[in-house]
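The structure appears right after this line, and notes come after that.
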2 protein chains.
Amino acid sequence: MVTLEDVAKLANVSTMTVSKVLRGTGAISKQTRTRVFEAADKLGYVPNRLAGSLSARKSMLVAVLIPSIADTVYAEIISSLHSLLDQASLSIFIAESLMDPEVEERQIQELLSLRPAFLVRSGGIASTQRTKMLLQRFGVPHIQIWDGDDPQGQATVGPSHIEAGKIAASHFLELGLRKVAYIGAETHKDICASRRMESFIGDMTAAGAETRVLTEPDLPRQAESGELLTHRLLEDGLQVDGIFYLNDAMAIGGLRFLLKAGLRVPEDVRVMGFNGTSREQTINTRLTTISTNGHALGQTVAKTILENIGGQLPTSRTLCPVTLDLGNTT
Amino acid sequence: MVTLEDVAKLANVSTMTVSKVLRGTGAISKQTRTRVFEAADKLGYVPNRLAGSLSARKSMLVAVLIPSIADTVYAEIISSLHSLLDQASLSIFIAESLMDPEVEERQIQELLSLRPAFLVRSGGIASTQRTKMLLQRFGVPHIQIWDGDDPQGQATVGPSHIEAGKIAASHFLELGLRKVAYIGAETHKDICASRRMESFIGDMTAAGAETRVLTEPDLPRQAESGELLTHRLLEDGLQVDGIFYLNDAMAIGGLRFLLKAGLRVPEDVRVMGFNGTSREQTINTRLTTISTNGHALGQTVAKTILENIGGQLPTSRTLCPVTLDLGNTT
DNA sequence: TTATTATGTGTTATCGATAACAAAATGGAT
DNA sequence: ATCCATTTTGTTATCGATAACACATAATAA
């Protein structure tokens with residue numbers, strides 16, 4: 001393995017000089033610079049950032065902890081985050097918390113063991129006491145994303161799920177709906193979803209509408225679950241004129257079932273999703289949904305990181321806009 | 001920051017003893033073990049893996065380079081990879097190549113600077129000469145995924161895109177189609193897509209069918225592009241009875257356009273996608289598609305890594321199955 | 001010419017762990 | 001009590017860089 005020293009020997013300078021040249025710090029004459037570059041190039045030298053970070057007591061790593069990489073929302077955020085951080089030579093490493101506080105704790109420990117410069121962590125789950133202590137003790141600049149309503153991190157970037165619920169409610173109310181349902185899954189773990197549900201149900205109830213909540217723990221948040229729960233809702237003989245789903249996938253499953261059951265959407269029942277991830281995928285139906293812009297969120301996070309790298313990350317809160325995307329299901 | 005030494009002092013032993021206890025190596029008496037654990041616990045010690053890896057000359061890092069994190073296929077692979085590697089305390093860090101050989105080269109360099117134990121890299125693009133040299137020189141165990149037809153890595157895991165194209169062709173031929181088109185995008189960069197296209201067109205032509213290829217560089221591989229290119233195809237006045245799309249998103253866009261244009265699917269035109277990512281998302285239409293199992297792929301990769309960690313990664317090739325998912329568009 | 005700055009370049013200590021080997025403690029067996 | 005084999009613990013060197021400062025060398029001023 002080629003080291004700084006090998007390059008130094010070939011270029012006939014000290015390792016320190018090579019280090020300076022390669023990082024562009026310090027004052028090195030043009031000739032030695034080219035000599036060093038040539039040597040490094042000839043040897044195919046790739047710096048060892050493990051050693052570098054250890055020595056400099058600062059790393060170029062950004063740790064990201066999200067519930068699931070396979071979830072489009074987070075994937076989009078990370079992708080956008082990556083593309084900006086990349087320009088600053090910051091590497092991203094990721095872990096999944098699966099919405100489980102215990103897992104989150106373990107993962108954060110793993111992540112911290114790499115001594116990242118920043119920790120980007122999805123909020124929305126009830127972190128354990130130990131997790132909070134760890135974060136505090138380590139003093140890593142810590143950005144919480146997704147749960148914009150809860151300013152836990154030093155910086156918080158995310159949509160307000162309370163607002164999302166309000167938007168759904170006000171839209172349903174404008175349409176004059178009087179009997180509505182919320183259909184979700186795993187509500188006990190997902191604080192963000194709970195916020196949407198509560199503010200939605202709260203507003204609807206306050207306006208005198210009849211409400212119903214259907215959730216079931218340990219149900220994957222997929223189309224089939226939407227179908228299942230919608231099926232259950234209808235079985236109960238309940239007549240609803242609007243359903244707000246946990247996410248788009250479940251809304252689509254629900255739609256599937258409603259149409260199969262002979263109901264007309266939006267004439268008989270109106271349907272609203274959350275997340276806007278399905279806009280791309282549907283053919284005739286454009287789901288009415290409340291969407292957040294993952295790309296923008298990622299950008300904001302990246303900007304926050306780049307602006308504060310090396311310094312103190314100030315406490316701040318950025319609320320990302322949530323917008324109502326009118327489709328043809330309401 | 002708490003170090004090994006702090007723990008050692010508190011437990012009244014040497015750092016080496018602490019190191020051994022925490023890693024479970026060497027023979028340490030039960031009492032010192034508990035003493036060390038208690039001390040570590042009290043101090044909230046989290047090992048510094050930068051230092052550890054540097055010292056042990058081996059890291060617990062797995063580098064992953066894929067075209068795009070936001071792409072469902074890859075996200076699924078990484079997610080499944082993560083969940084297995086996690087059990088072995090292997091951390092994943094990722095980078096996007098954007099299907100650009102230059103970017104790939106830069107990213108690989110960044111990734112190698114962390115001295116990963118394994119490099120998982122998506123094939124399907126034409127790597128630069130320097131990239132190949134780097135990989136060889138570094139001798140990192142290197143697993144190529146996605147392009148199962150091209151055994152470039154020490155281990156290759158992926159579907160055969162040639163087979164995928166053949167499956168599409170044979171299905172179309174069984175249905176008696178005589179005039180078919182392939183609609184794609186960015187074909188010059190994406191070798192995998194090219195393989196599908198070529199084997200599809202090859203087989204169709206060999207069977208005497210009339211074929212047409214419509215691709216355009218620098219077009220995002222999204223629904224809109226599918227709409228656009230399908231529009232263009234129809235404009236040309238060409239009558240086709242089957243279209244094979246680059247991926248599901250584009251197929252869905254295509255479908256959207258075909259239906260808008262008053263064509264019946266599958267009666268007038270048959271449509272086939274690739275990837276099976278949309279099964280979840282559609283409501284009435286189940287797109288006929290050729291799908292690969294990203295989860296299984298990730299598992300295979302993880303297994304390969306876990307089995308060969310610390311040792312030599314033997315050259316191997318695992319072809320992942322591609323299956324025809326019959327929907328109602330053919 | 002000598003003193004005084006800049007401008008380059010090199011020295012030494014250090015970061016936080018682990019490997020490899022060395023030393024001490026323990027426990028029978030004689 | 002002595003010795004050898006185990007079991008347990010500690011020492012020293014090292015991994016590959018960087019920080020901080022020290023030392024040359026060249027450029028400018030007095």
Side-chain angles (χ1 to χ4, degrees), chain A residues 1-37 39-40 43-61 89 91 109-110 112-117 138 310, chain B residues 1-37 39-40 43-61 89 91 109-110 112-117 138 310:
Chain A
M1 188 72 20
V2 183
T3 71
L4 255 199
E5 200 168 348
D6 298 322
V7 179
K9 269 189 195 131
L10 185 61
N12 232 329
V13 291
S14 72
T15 60
M16 206 55 231
T17 303
V18 177
S19 172
K20 282 174 186 161
V21 170
L22 262 37
R23 287 178 305 147
T25 61
I28 305 290
S29 70
K30 189 145 204 159
Q31 26 179 352
T32 30
R33 271 222 308 274
T34 53
R35 208 140 39 88
V36 167
F37 277 130
L43 295 175
Y45 172 69
V46 175
N48 184 335
R49 284 212 275 165
L50 294 179
S53 298
L54 177 62
S55 176
R57 294 174 240 336
K58 72 169 180 212
S59 81
M60 305 296 274
L61 301 175
S89 283
S91 296
Q109 198 140 332
E110 292 280 331
L112 288 179
S113 76
L114 264 339
R115 301 293 187 270
F138 261 74
Chain B
M1 186 76 17
V2 183
T3 70
L4 254 199
E5 199 168 349
D6 298 322
V7 179
K9 268 188 197 134
L10 185 62
N12 233 328
V13 291
S14 72
T15 61
M16 205 56 231
T17 304
V18 178
S19 171
K20 280 174 186 161
V21 169
L22 263 37
R23 286 179 304 147
T25 60
I28 306 288
S29 70
K30 190 145 204 157
Q31 26 179 350
T32 32
R33 271 223 307 274
T34 52
R35 208 143 36 90
V36 168
F37 277 130
L43 296 175
Y45 173 69
V46 175
N48 183 333
R49 284 212 274 164
L50 295 177
S53 298
L54 177 62
S55 176
R57 294 174 245 327
K58 74 170 177 208
S59 81
M60 304 297 273
L61 302 175
S89 283
S91 295
Q109 198 141 331
E110 292 281 332
L112 289 179
S113 76
L114 264 338
R115 301 292 186 270
F138 261 75

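Throughout, a chain's letter reflects where its sequence line sits, starting with A, and its residues are numbered from 1. This structure is a prediction, so every number in the text was calculated from the model and none was measured.
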I would like to know whether A/Met1 and B/Arg57 meet side chain to side chain contact (heavy atoms under 4.5 Å, CB included); could you show each step before the answer?
CA-CA 11 Å; A/Met1 188 72 20; B/Arg57 294 174 245 327; over 6 Å; no
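When rounded to the nearest whole Å, the span between NZ of B/Lys20 and C1' of C/dA19 equals 10 Å.
With A/Asn48 as the fixed residue, the side chain to side chain contact (heavy atoms under 4.5 Å, CB included) test singles out one of B/Leu54, B/Leu114, B/Leu112: B/Leu54.
Heavy atoms of B/Ser29 sit under 4.0 angstrom from primed sugar atoms or phosphate atoms, though from no base atom. Among the protein residues, A/Arg49 comes within range of no part of the nucleic acid, since none of its heavy atoms lies under 4.0 Å from any strand. Within the 4.0 angstrom heavy-atom criterion, no nucleotide atom of any strand lies near A/Thr25. Residue B/Ser53 is classed as having no contact, given no heavy-atom separation below 4.0 Å to the nucleic acid. Nucleic acid contact for B/Ala27: base, since at least one base atom lies under 4.0 Å from a heavy atom of the residue.
For B/Thr32, a side-chain nitrogen or oxygen approaches OP1 or OP2 of D/dT9 to under 4.0 Å. OP1 or OP2 of C/dA17 lies within a sub-4.0 Å distance of a side-chain N or O belonging to B/Tyr45. For C/dT18, one of the phosphate oxygens OP1 or OP2 lies less than 4.0 angstrom from a side-chain nitrogen or oxygen of B/Arg23.
Here C/dG16 is the nucleotide among D/dT18, C/dG16, D/dT11 with the atom lying nearest to any side-chain atom of B/Ser55. The A/Thr17 side chain lies nearest to C/dT9 when the options are C/dT9, C/dA17, D/dT18.
Each of A/Ala51 and B/Ser19 was matched to the nucleotide of DNA chain C holding its nearest heavy atom; the match closer to the 5' end belongs to A/Ala51.
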